[in-house]
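Because the structure is a prediction, the values reported are computed rather than measured.
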Amino acid sequence: MDQKYLWIEALKFNDRGLIPAIAQDDRDGTILMMAWMNKESIKQTLATGEAHYWSRSRSEFWHKGATSGHIQKVKQIFYDCDADTILLKIEQIGAIACHTGVRSCFFNSVALPLRAN
């Protein structure tokens, strides 16, 4: 196995061979989206420098921005302490990461109940 891919073997994929991947703007820290990756999409991401994911609904690889032009240039990759989540620090080209046409998928705010201290 190519040495640059050895770290992938440390990751904990779910029973479908997938791992959640969070895309974060590398400039301002905004969380833009969460998608799924498998070993091959991680390798494609490393090979091209652009984010590739696995589409669960279409059961196929998905090059982010291939049709919209809103690609994600990967600047850094991290994985968490449990090795079960990936963080991609990216440069979002075109300013839109969400399929709804907005910058971030995380725009639904939840009103929390006030608690007395």
Measure the spacing between [atom1] of [X] and [atom2] of [Y] and express it to the nearest 0.5 Å.
X	Y	atom1	atom2	value
Gln72	Ile90	CD	CD1	4.0 Å
Glu40	Ile8	CD	CD1	9.0 Å
Asp84	Leu11	CG	CG	9.0 Å
Lys89	Ile22	NZ	CD1	11.0 Å
Phe13	Asn38	CZ	CG	7.0 Å
Lys12	Thr85	NZ	OG1	10.5 Å

Do [X] and [Y] belong to the same hydrophobic cluster, where Ile, Leu, Val, Met, Phe, Trp and Tyr are linked whenever their side-chain heavy atoms lie under 4.5 Å apart, directly or via other members?
X	Y	result
Met34	Leu32	no
Val74	Ile19	yes
Tyr79	Leu18	no

(message) Quick one, Lys39 with Glu9, criterion side chain to side chain contact (heavy atoms under 4.5 Å, CB included). Give me CA distance, side-chain angles, the key distance, then yes/no.
(response) CA-CA 9 Å; Lys39 287 182 182 182; Glu9 298 306 312; 3.3 Å; yes
(message) Between the side chains of Arg27 and Glu91, is the shortest nitrogen-to-carboxylate-oxygen separation below 4.0 Å, so that they form an ion pair?
(response)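 Salt bridge flag = no for Arg27 with Glu91.
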Quick one: closest heavy-atom pair of [X] and [Y], and the distance?
X	Y	result
Phe106	Ile31	CE1-CG2, 3.6 Å
His52	Thr45	N-OG1, 2.9 Å
Ala51	Leu88	CB-CD1, 4.3 Å

(request) Using the six-membered ring of Tyr53, assess whether NZ or CZ of Lys64 lies under 6.0 Å from its centre and within 45 degrees of the ring axis. (result)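 The answer is no, since Lys64 fails at least one limit relative to Tyr53.
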(message) Please tell me whether His70 and Gln92 have a donor and an acceptor in their side chains that are separated by less than 3.5 angstrom.
(response)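 Short answer, no.
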(request) Give the intermediate values and the outcome of side chain to side chain contact (heavy atoms under 4.5 Å, CB included) for residues Phe78 and Ile86. (result) CA-CA 6 Å; Phe78 296 86; Ile86 294 175; over 6 Å; no
(request) Would you check, one step at a time, whether the test side chain to side chain contact (heavy atoms under 4.5 Å, CB included) holds for Trp36 with Asn14? (result) CA-CA 10 Å; Trp36 295 93; Asn14 69 15; 3.8 Å; yes
(request) Give the C-alpha distance, both sets of side-chain angles, the deciding distance and a yes or no for salt bridge (charged side-chain N to carboxylate O under 4.0 Å, His left out) between Arg103 and Asp25. (result) CA-CA 10 Å; Arg103 180 169 187 243; Asp25 187 297; 2.8 Å; yes
(message) Between Trp54 and Met37, does the side chain to side chain contact (heavy atoms under 4.5 Å, CB included) criterion hold? Intermediate values first, please.
(response) CA-CA 5 Å; Trp54 177 256; Met37 297 180 94; 5.9 Å; no
